[in-house]
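Position 1 is the first residue of the sequence, and the numbers go up from there. These numbers come from the heavy atoms of this one structure, side chains and all, not from hydrogens, waters or symmetry mates.
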Amino acid sequence: MSLPYLEGLNDPQKEAVTTTEGPLLVLAGAGSGKTRVITHRIVHLIHQGVAPYNILAVTFTNKAAGEMRERVQALINAYAGSRAADGHPTVVTFHALCVRLLREYHQLLNLPKHFTIYDRADSIRAIKQATEAAGYDPKQYEPRRTLSIISRAKGDALTAPEFAESAKRPPEQMAAVVWEQYNAIMRQEGALDFDDLLVRTRALLQHHPEVLNTIQNRYHYLHIDEYQDTNKIQYEIARLIAGTRQNICVVGDIDQNIYSWRGADIKNVLQFERHFPGAKTILLEENYRSTQTIIAASNDIINKNQNRIEKNVFTNNQEGELITLFAAMTGGYEASYIAKTAKEIVAQGARPSDIAVLFRTNFQSRALEEAFLAQEIPYQVLGTKFFERKEVKDVLSYLRLALNPDSTGDLTRIINTPTRGIGKVTVLKLLEGKRADLTPAIAGKVDRFFETMQNITDCVHTKPLSETLKFIISHSGLEADYKKNGTEDDLARLENLRELVTMAIRYDQLDPSEAVEAFLETAALQSDQDELEDKENRDAVRLMTIHAAKGLEFPYVFITGMEEGLFPHERLDERRVDDEEERRLFYVALTRAQKKVYLTYAHLRTIFGSQRVNVPSSFLNDIDGAYVEIDGKDNGWGSGSGYETTVFLD
């Protein structure tokens with residue numbers, strides 16, 4: 001019998017979709033339709049009689065999970081018929097899955113049900129506080145670095161005592177002491193950070209057999225997208241959920257493993273067949289995204305790596321345009337060239353949103369922004385997340401404190417925001433439980449604040465979320481404060497708060513308390529790509545790091561700063577550069593493009609206030625010269641200078 005949802009799939013895709021029992025590793029090249037495989041596989045399982053609620057799919061960003069959820073539902077509606085009547089598949093991010101399980105079993109873990117989820121800024125604040133409590137100077141021991149050390153240890157599935165025992169170098173030994181204080185602060189505030197969501201979920205499944213049995217019986221079939229991005233603790237969670245059924249399908253690409261710096265372990269893919277004996281491996285090698293020229297150049301790059309599983313990515317798309325290489329005198333000329341070329345592309349009929357400008361490090365965006373402003377081209381920089389804006393975080397803190405009165409971080413943030421005449425000494429007395437020691441005048445101000453909080457708490461449990469947010473913005477005094485000052489920045493902040501209310505409307509159909517939890521979870525787990533989704537209707541050129549671009553695609557892609565030391569990147573700390581990961585990062589950048597790639601570099605670039613003379617990236621000589629054309633436009637040196645380009649392609 002022909003299965004209509006298999007039509008249009010190539011043979012390896014069909015094999016992956018219809019291989020349903022036992023462990024399955026799908027090695028998917030860039031643009032090879034891996035998400036299509038997962039969504040069609042889920043529909044195939046339902047069509048074969050599996051209950052939708054027994055199927056779990058996990059990915060890494062809210063954006064990816066949302067798109068997958070929509071595609072699965074559309075396929076179910078089209079092909080599964082009455083078989084889909086019994087519930088829905090669970091399609092979530094790793095962290096969202098963990099939040100669900102921790103809230104469901106919070107009592108077993110001695111957690112408040114409405115625990116606060118620290119975002120990065122919250123974690124850095126608490127690390128700074130923990131550093132001081134441990135007797136160290138945060139100016140000497142940078143909190144971001146300490147947090148990174150602790151985060152990496154958690155991702156490697158180490159507990160604080162295990163890490164303390166293994167710490168040999170002074171930064172790690174200091175971090176081990178701070179970690180204990182950090183844990184104490186989170187316990188006091190009823191909070192978990194991103195890593196703890198994974199750590200505590202693993203502990204829940206490991207130490208509570210009855211919970212593990214329930215979860216294994218709930219999810220008979222497990223799918224994991226972007227498996228090359230999983231760390232050790234995510235692998236262990238997956239192994240526990242797969243249990244004895246071993247119905248685990250993972251989809252990934254070793255050549256796109258670019259997150260080792262945050263714990264992603266390439267061995268999870270390389271050793272899958274050892275972790276799950278009897279596993280079947282299927283290669284998806286046909287690229288549907290890019291031209292033959294782009295695929296050939298990207299293969300030239302990635303084939304130099306040794307630590308990979310061999311696959312031959314190919315495409316039946318047209319040959320396409322050559323890759324353009326431009327060498328500028330300075331970073332400013334490079335940015336100007338990119339902006340002017342983008343303007344020409346738009347003049348020829350493309351939309352600004354068809355264009356992406358990718359860079360290795362964030363500092364490169366400044367010159368690009370100036371150039372796009374000068375050319376009057378709309379652009380959007382990914383990286384400043386909507387939910388991380390100060391005014392938005394203030395409102396979210398009111399919400400979080402209403403749900404979790406133990407969150408002293410939120411209390412400290414908003415008790416005098418906007419200004420109420422409640423100073424730091426007063427806050428300290430409140431935190432020490434000395435409210436009775438306040439003067440009558442100060443006590444009155446504090447009482448009025450807590451009355452406002454009680455009113456907000458009442459709204460949280462009784463009113464639609466959008467109405468609660470309107471109440472907070474109005475009754476907290478934030479709206480009046482921004483209107484009173486009336487500066488352009490203040491009015492922009494007020495517009496952001498109104499946008500927050502608009503975003504909340506989509507949660508209004510939920511039970512009020514459930515809506516607040518879901519909204520706060522979305523805010524806490526937002527990624528750079530989710531920021532892109534929030535503004536997807538804005539027709540603008542996208543400026544972003546290559547890491548942020550992973551999983552996205554654009555007709556036209558500029559890859560900037562192709563200079564030795566910048567890309568491949570030269571670290572400023574003691575951590576060794578992984579040359580193969582830098583090469584994978586370039587491969588990811590190239591394969592974001594559908595039609596055309598531009599590579600640019602500057603002979604002179606100002607970095608940290610000093611002008612640096614650059615040589616072209618060694619990656620450029622790895623691309624066959626037959627795929628590249630040199631753009632001889634004015635590059636700042638002047639014609640006939642002999643500096644039009646200094647890279648020689650094979």
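- Residues R605 and F363 are in side-chain contact: their nearest non-hydrogen atoms beyond the backbone lie under 4.5 Å apart.
- Among all heavy-atom pairs drawn from N231 and G263, the shortest one is CB-O, 3.1 Å.
- No donor-acceptor distance shorter than 3.5 angstrom exists from the side chain of D622 to the backbone of I301, with no hydrogens or angles considered.
- Within the 3.5 Å criterion, the main-chain N or O of N312 finds a donor-acceptor partner in the side chain of E285.
- Judged purely by atom type and a 3.5 angstrom limit, R308 has no side-chain atom pairing as donor or acceptor with the backbone of I254.
- Salt bridge R351/D539: present, at least one basic N to carboxylate O contact under 4.0 Å.
- S298 places a side-chain N or O within 3.5 Å of a backbone atom of I295 that can act as its donor or acceptor partner.
- In terms of modelled atom types and a separation under 3.5 Å, the side chain of T315 and the main chain of N287 share a donor-acceptor contact.
- Here the side chains of T230 and Y227 are in contact, with some heavy-atom distance below 4.5 Å.
- Here CD1 of I233 is found 10.5 Å from CZ of F94. Values are rounded to the nearest 0.5 Å.
- For the pair V17 and L9, the minimum side-chain heavy-atom distance is below 4.5 Å.
- Although no hydrogens or angles enter the test, the distance criterion places a donor-acceptor pair under 3.5 Å between the side chain of S617 and the main chain of F567.
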Inset, instruction - Apply side-chain contact (heavy atoms from CB on, under 4.5 Å) to the pair E629 and I323, showing each step before the final yes or no. - result: CA-CA 6 Å; E629 62 180 2; I323 293 170; over 6 Å; no
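- E370 is not listed as a side-chain neighbour of L373, based on a closest heavy-atom distance of 4.5 Å or more.
- In this structure Q375 satisfies the side chain to side chain contact (heavy atoms under 4.5 Å, CB included) test together with A339, K340, K343, I377, sequence neighbours excluded.
- E563 contributes atom CD, which lies 13.0 Å from atom CZ of R360 (distance to the nearest 0.5 angstrom).
- Using modelled atom types, one finds no donor on one side chain facing an acceptor on the other under 3.5 Å when comparing K595 with T291.
- Looking only at distances, a side-chain donor or acceptor of N305 sits under 3.5 Å from a matching main-chain atom of E580.
- For CD of E319, the number of neighbouring non-hydrogen atoms (other residues, nucleotides, ligands) closer than 6.0 Å is 12 at most.
- At a cut-off of 3.5 Å, with distance as the only test, no side-chain donor of T341 or E344 sits close to an acceptor on the other residue.
- N299 contributes a side-chain N or O that, together with a main-chain N or O of V313, makes up a donor-acceptor pair within less than 3.5 Å.
- The neighbour count for E21 CD, taken as heavy atoms of other residues, nucleotides or ligands under 6.0 Å away, is above 12.
- In this structure, D255 does not pair ionically with R583, as no charged nitrogen and carboxylate oxygen lie closer than 4.0 Å.
- The only option from Y337, Y333, Y601 that meets the ring pair (Phe, Tyr, Trp, His ring centres under 6.0 Å) definition with F326 turns out to be Y337.
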Inset, instruction - For Y598 and K596, run side-chain contact (heavy atoms from CB on, under 4.5 Å): C-alpha distance rounded to whole Å, both residues' side-chain angles, the deciding distance at 0.1 Å, then the answer. - result: CA-CA 7 Å; Y598 296 83; K596 174 76 175 178; 3.4 Å; yes
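- Of all the heavy atoms in F554 and A356, the pair that sits closest is CD1-CB, 3.4 Å.
- Residues L604 and R612 are not in side-chain contact: their nearest non-hydrogen atoms beyond the backbone lie 4.5 Å or more apart.
- Residues L585 and H547 have side chains in contact (heavy-atom distance under 4.5 Å, counting atoms from C-beta outward).
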Inset, instruction - Would you please test Y79 and H40 for side-chain contact (heavy atoms from CB on, under 4.5 Å) and show each step? - result: CA-CA 10 Å; Y79 300 117; H40 283 68; 5.6 Å; no
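- One distance of note links NZ of K232 with CG of L198; it measures 14.0 Å at 0.5 Å rounding.
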Inset, instruction - Take N257 and V269, measure what side-chain contact (heavy atoms from CB on, under 4.5 Å) needs, and give me the verdict at the end. - result: CA-CA 10 Å; N257 174 260; V269 173; over 6 Å; no
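- At a cut-off of 3.5 Å, with distance as the only test, no side-chain donor of R289 or Q594 sits close to an acceptor on the other residue.
- Between the NE2 atom in H220 and the CG atom in N54 there is a gap of 4.0 Å [rounded to 0.5 Å].
- In this structure, NE2 in H47 is found 15.5 Å from CD1 in I42, a value given to the nearest 0.5 Å.
- Each of T324, L358, I355 was checked for a side chain to side chain contact (heavy atoms under 4.5 Å, CB included) with F558, and the lone residue meeting it is I355.
- Between Q73 and H88, the side chains place a donor N or O and an acceptor N or O closer than 3.5 Å (distance only, hydrogens not considered).
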Inset, instruction - Go through the steps for E564 and S618 under the test side-chain hydrogen bond (donor to acceptor under 3.5 Å, both in side chains), then give the verdict. - result: CA-CA 6 Å; E564 204 68 15; S618 55; 3.2 Å; yes
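- Defined by atom type and a distance below 3.5 Å, a donor-acceptor pair is missing between the side-chain atoms of Y219 and N247.
- Within the 4.5 Å cutoff, the side chain of N614 has no heavy atoms near those of the H603 side chain.
- Electrostatic pairing of E67 and R71 does not count as a salt bridge here, judged by no charged N lying under 4.0 Å from a carboxylate O.
- Scanning for side chain to side chain contact (heavy atoms under 4.5 Å, CB included) contacts around S365 gives F359, E369, with sequence neighbours left out.
- Counting heavy atoms from C-beta on, the side chains of Q13 and V26 never come closer than 4.5 Å.
- Under a 4.0 Å N-O distance rule, the pair D253/K311 qualifies as a salt bridge.
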Inset, instruction - For side-chain hydrogen bond (donor to acceptor under 3.5 Å, both in side chains), just list the numbers for N303 and Y587, CA-CA rounded to whole Å, side-chain angles, deciding distance to a tenth of an Å, and then say yes or no. - result: CA-CA 10 Å; N303 286 340; Y587 173 80; over 6 Å; no
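- Applying the side-chain hydrogen bond (donor to acceptor under 3.5 Å, both in side chains) rule to E15 yields the partners K280; only residues at least two apart in sequence or on another chain are considered.
- For K34, the side chain to side chain contact (heavy atoms under 4.5 Å, CB included) criterion is met by A28, D225, E226, V251, not counting sequence neighbours.
- By the side chain to side chain contact (heavy atoms under 4.5 Å, CB included) test, T18 is found to be paired with L6, H44, residues two or more places apart in sequence or in another chain being considered.
- Not one N or O on the side chain of D229 forms a donor-acceptor pair closer than 3.5 Å with the backbone of A264.
- Residues satisfying the side-chain hydrogen bond (donor to acceptor under 3.5 Å, both in side chains) criterion with Q292, sequence neighbours excluded, are absent altogether.
- Note that CZ of R366 is 9.5 Å distant from CG of L368, once rounded to the nearest 0.5 Å.
- For R41 and H223, the side-chain atoms include at least one donor-acceptor pair closer than 3.5 Å.
- A donor-acceptor pair is defined here as one N or O able to donate and one able to accept, closer than 3.5 Å; such a pair exists between the side chain of N317 and the backbone of S290.
- For the 3.5 Å distance criterion, the side chains of E334 and T600 qualify, holding a donor opposite an acceptor.
- Across all their heavy atoms, A350 and Y556 have their closest contact at CB-CE1, 3.8 Å.
- Contact check on R592 versus E553 returns no salt bridge, with no Lys/Arg side-chain nitrogen under 4.0 Å from an Asp/Glu carboxylate oxygen.
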